[in-house]
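Working notes, structure below.
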Amino acid sequence: MSISSVESMASLSSDLFYDILRRLDGATLASAACACATFCSISKEERLWENVCSSMWPSTDRDDVKSLIMSIGGFKKFYADCFPLIVNEVPEFRWNDDFEYPEELTEAEYYGDVDELENISPLDFVSIMDIRYKDKTICSKVLWGIPNADGFNGWFFNCPFRIDLLAYSDKVTLTVSDGLPPIMSIEKERKDGKLWQELQDGIRLSWIIVNRKIKKAANLSSWSPLGGQRHWPTDKDFVVRFASILPAKDILPCQIVECILIMKFRVIHTQGEGIQTIIKLTELSMQLEDMNGSHVNGLKSLLILKAALSCRRSMNHNEALESCNLYLKVQTELKEKKMRYENRLDRLWILGGIATCISFCFYCL
């Protein structure tokens with residue numbers, strides 16, 4: 001049987017091209033669009049990018065989320081905004097930089113300008129979250145607005161910012177059928193760490209923030225874990241940590257902050273007769289911390305999240321991970337230098353106290 005040759009791309013139907021392109025992932029589809037004018041024209045179809053987004057983020061397949069994405073520019077723009085990871089340079093800090101707020105602030109200084117408050121609201125933000133384990137989606141959740149943010153005069157703007165998504169989600173579990181290694185006992189897991197390694201290698205988190213007012217979106221997660229803790233705070237707990245470095249210029253003295261995303265798993269059942277290994281997701285939270293490790297309050301956090309939607313991003317995931325690791329390194333160095341400085345002050349106070357006591361004794365004699 002002979003195969004007839006194709007004289008030119010133009011001799012093929014556009015339906016065939018469409019069928020080929022709809023099978024591609026986002027990065028490959030973007031590359032194909034640069035190959036020829038025909039691919040470029042077909043790749044502008046929103047339906048193609050809708051398929052790409054729903055494949056990568058199943059939560060975007062909901063009707064309400066589809067309407068949201070179309071209202072902020074469409075699926076192609078959404079993918080371009082949310083697939084690359086946020087990358088920010090970590091500036092050099094001196095050990096004695098003062099990152100604390102003044103002791104006394106006026107209400108206007110603390111809460112910001114009135115115009116700034118009017119231009120931002122917790123209701124503007126939407127969280128779109130997806131968790132994968134070994135390429136299988138185990139949880140998808142959409143949260144409209146910021147929970148418990150009860151207006152400008154409430155406690156939200158004054159208190160540490162935190163979103164706990166599991167408070168608004170169903171129970172999420174993983175078993176051996178999902179790819180978990182069987183755990184015969186916690187004692188054995190403590191020695192070999194097989195489950196911990198599988199979680200580190202297999203779990204992926206996407207946490208997209210959308211601002212409906214400014215029509216922008218960004219993924220705040222590092223996608224793969226940056227680290228965590230085994231068996232904390234009990235023998236059955238595993239904490240996995242994701243993060244991104246967000247700009248805070250003109251918002252906080254430290255200029256940058258860390259967006260920390262925490263996942264905590266607990267072993268419910270170990271492997272036994274008629275029982276599979278089961279672990280349960282017990283926490284999925286977001287919070288912002290400055291260079292001092294202090295939690296950022298509600299208002300400042302909203303301003304930082306808004307600014308993060310316009311900051312630089314990179315398709316190179318290693319670059320984003322390097323930015324997070326550099327932040328942690330600088331933060332650790334600052335803490336160590338601050339501790340040494342405080343220890344020197346303590347010694348000076350002790351020596352001063354001793355000298356005062358000796359002087360007083362000589363005076364009394």
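Residues: numbered from 1 along the sequence shown. Heavy atoms only: backbone and side chains are in, while hydrogens, waters and symmetry mates are out.
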Q.
Using side chain to side chain contact (heavy atoms under 4.5 Å, CB included), reason through F265 and T282 one step at a time and then give a plain yes or no.
A. CA-CA 6 Å; F265 293 91; T282 59; over 6 Å; no

Q) Between the main-chain N or O of R47 and the side-chain N or O of R22, is there a donor-acceptor pair closer than 3.5 Å? A) no

Q. Is there a side-chain contact between I278 and L180, using heavy atoms and a 4.5 Å cut-off?
A. no

Q.
If the threshold is 4.0 Å, N to carboxylate O, is there a salt bridge linking R312 and E319?
A. yes

(Q) Between K66 and D61 (salt bridge meaning N to carboxylate O under 4.0 Å), is one present in this structure? (A) yes

Q. Is it true that M315 and W49 fall in one hydrophobic cluster, defined by side-chain heavy atoms closer than 4.5 Å?
A. yes

Q. With hydrophobic residues grouped by side-chain heavy-atom distances under 4.5 Å, do L24 and F83 end up in a single group?
A. yes

Q. Have D124 and S121 got a donor and an acceptor in their side chains that come within less than 3.5 Å?
A. no

Q: Would you mind reporting whether L205 and L284 have side-chain heavy atoms less than 4.5 Å apart?
A: yes

Q: Group every Ile, Leu, Val, Met, Phe, Trp and Tyr by side-chain heavy-atom contacts under 4.5 Å, then state whether L326 and I256 land in the same group.
A: yes

(Q) Could you report the tightest heavy-atom contact between A243 and C324, atom names first, then the distance? (A) O-SG, 3.7 Å

Q. For D64 and S67, does a side-chain donor sit closer than 3.5 Å to a side-chain acceptor?
A. no

Q: Identify which one of T60, V210, D63 satisfies the side-chain contact (heavy atoms from CB on, under 4.5 Å) criterion when paired with L68.
A: V210

(Q) What I'd like to find out is whether the side chain of M286 reaches to under 4.5 Å of the side chain of W207, using heavy atoms alone. (A) yes

Q) Is the number of heavy atoms from other residues, nucleotides or ligands under 6.0 Å of K280 NZ greater than 12? A) no

Q. In terms of hydrophobic clusters joined by side-chain contacts under 4.5 Å, are L321 and I203 together?
A. no

Q: Could you check M70 against F75 for side chain to side chain contact (heavy atoms under 4.5 Å, CB included), going step by step and ending with a plain yes or no?
A: CA-CA 7 Å; M70 294 306 297; F75 285 92; 3.8 Å; yes

Q: Rounded to the nearest 0.5 Å, what's the gap from NZ on K300 to CG on L305? Could you check?
A: 13.5 Å

Q.
Please check: side-chain N/O of Q287 versus main-chain N/O of I262, any donor-acceptor pairing under 3.5 Å?
A. no

Q.
Please find the pair of heavy atoms, one from I86 and one from C311, that lie closest to each other, and give the distance.
A. CG2-SG, 3.5 Å

Q.
Are I120 and L303 packed together at the side-chain level, in the sense that at least one heavy-atom pair is separated by less than 4.5 angstrom?
A. yes

Q: Give a yes or no answer on whether the side chain of Q271 reaches the backbone of T277 with a donor-acceptor pair at less than 3.5 Å.
A: yes

Q. So do F125 and I209 actually touch side chain to side chain, heavy atoms under 4.5 Å?
A. yes

Q. Counting distance only, does the side-chain N/O of R62 pair as donor-acceptor with the main-chain N or O of P58 below 3.5 Å?
A. no

Q: Establish, from distance only, whether the side-chain atoms of W57 and S206 form a donor-acceptor pair under 3.5 Å.
A: yes

Q | No-hydrogen, no-angle side-chain donor-acceptor test under 3.5 Å, S310 and K216 | A | yes

Q. Does R162 pair with E283 as a salt bridge, N-O distance under 4.0 Å?
A. yes

(Q) Do L195 and V267 have side chains that approach each other closer than 4.5 Å (heavy atoms only, starting at C-beta)? (A) yes

Q) Taking the side chain from S41 and the backbone from A37, do they hold a donor-acceptor pair closer than 3.5 Å? A) no

Q | Which atom of E289 lies closest to which atom of Y327, heavy atoms considered | A | O-OH, 3.5 Å

Q.
Strictly below 4.0 Å, N to O, side chains only: are E45 and K76 in salt-bridge contact?
A. no

(Q) Less than 4.5 Å apart, side chain to side chain, heavy atoms only: is that true for F161 and I304? (A) no

Q) Which heavy atom in M129 sits nearest to a heavy atom in C139, and how many Å separate them? A) CE-SG, 3.7 Å

Q. R132 side chain to D135 main-chain N or O, any donor-acceptor pair under 3.5 Å?
A. yes

Q. Is there a donor-acceptor contact under 3.5 Å linking the side chains of S285 and D164?
A. no

(Q) Does any part of the side chain of M263, heavy atoms only, come nearer than 4.5 Å to the side chain of I131, both counted from C-beta? (A) yes

**Q.** Which atom of L199 lies closest to which atom of F238, heavy atoms considered
**A.** CD1-CB, 4.1 Å

Q: Would you check if there is a donor-acceptor pair between the side chains of D201 and Q197 at a distance under 3.5 Å?
A: yes

Q: Give the C-alpha distance, both sets of side-chain angles, the deciding distance and a yes or no for side chain to side chain contact (heavy atoms under 4.5 Å, CB included) between I128 and F78.
A: CA-CA 12 Å; I128 302 174; F78 183 81; 4.2 Å; yes

**Q.** Interatomic distance, S301 atom OG to L288 atom CG [nearest 0.5 angstrom]
**A.** 4.0 Å

(Q) If I compare all heavy atoms of R204 with all of P225, which pair ends up nearest, and what's the gap? (A) NH1-CD, 3.8 Å

Q: Among residues two or more places apart or on two chains, list those pairs meeting side chain to side chain donor-acceptor pair (under 3.5 Å) that have a residue in residues 222-233.
A: none

Q) Salt bridge between D237 and K264, side-chain N to carboxylate O under 4.0 Å? A) no

Q.
For D81 and R313: C-alpha separation, side-chain torsions, deciding distance, then whether side chain to side chain contact (heavy atoms under 4.5 Å, CB included) applies.
A. CA-CA 8 Å; D81 287 342; R313 276 155 253 192; 3.7 Å; yes

Q) Is a side-chain N or O of S54 found less than 3.5 angstrom from the main chain of N51, in a donor-acceptor match? A) yes

Q. Has the side chain of S140 got a donor or acceptor atom that lies under 3.5 Å from a matching backbone atom of D130?
A. no

**Q.** Backbone N/O of L220 and side chain of S244: donor-acceptor pair under 3.5 Å
**A.** yes

**Q.** Side-chain ion pair, K194 and D192, N-O less than 4.0 Å
**A.** no

Q: Establish whether W196 and I183 are linked, either directly or via other cluster members, by ILVMFWY side-chain heavy-atom contacts under 4.5 Å.
A: yes

**Q.** Donor-acceptor contact present, side-chain S294 to main-chain D290, <3.5 Å
**A.** no

Q. With a 4.0 Å cut-off, would you call E258 and R241 a salt bridge?
A. yes

